[in-house]
*Asks:* 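Mind looking over this structure? Questions follow.
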Amino acid sequence: MKVKGKIIYAEDLGDRYAVVASFSAGEETNLPAIYTQTYYVNK
């Protein structure tokens, strides 16, 4: 199964980014978008 996602929030914390994303399994599933908890990405 493919999912489509996008970053909806990103904050520069200096040495890393705080990120929240949303994703969906696709329009054919009729499922709502799912949002991640905040996760961190190192620069």
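Counting from 1, the numbers follow the sequence of the chain as shown. Note that these values count all heavy atoms, side chains included, but never hydrogens, waters or copies made by symmetry.
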*Asks:* With sequence neighbours left out, what residues match Asp12 under salt bridge (Lys or Arg N to Asp or Glu O under 4.0 Å)?
*Replies:* Lys43
*Asks:* May I have all residue pairs that pass salt bridge (charged side-chain N to carboxylate O under 4.0 Å, His left out) and include part of residues 13-24, sequence neighbours excluded?
*Replies:* none
*Asks:* Applying side-chain contact (heavy atoms from CB on, under 4.5 Å), name anything that partners Val20, two or more places apart in sequence or on another chain.
*Replies:* Ile8, Tyr9, Thr36, Thr38
*Asks:* Using the salt bridge (charged side-chain N to carboxylate O under 4.0 Å, His left out) rule, collect all pairs that involve residues 31-41, keeping only residues at least two apart or in two chains.
*Replies:* none
*Asks:* Under 4.5 Å side-chain heavy-atom separation, chaining through any Ile, Leu, Val, Met, Phe, Trp or Tyr, what else clusters with Leu13? Say none if it is isolated.
*Replies:* Tyr40
*Asks:* Restricting to side-chain contact (heavy atoms from CB on, under 4.5 Å), what partner residues turn up for Ala33, sequence neighbours left out?
*Replies:* Tyr35
*Asks:* Who are the side-chain contact (heavy atoms from CB on, under 4.5 Å) partners of Ile34, not counting sequence neighbours?
*Replies:* Phe23
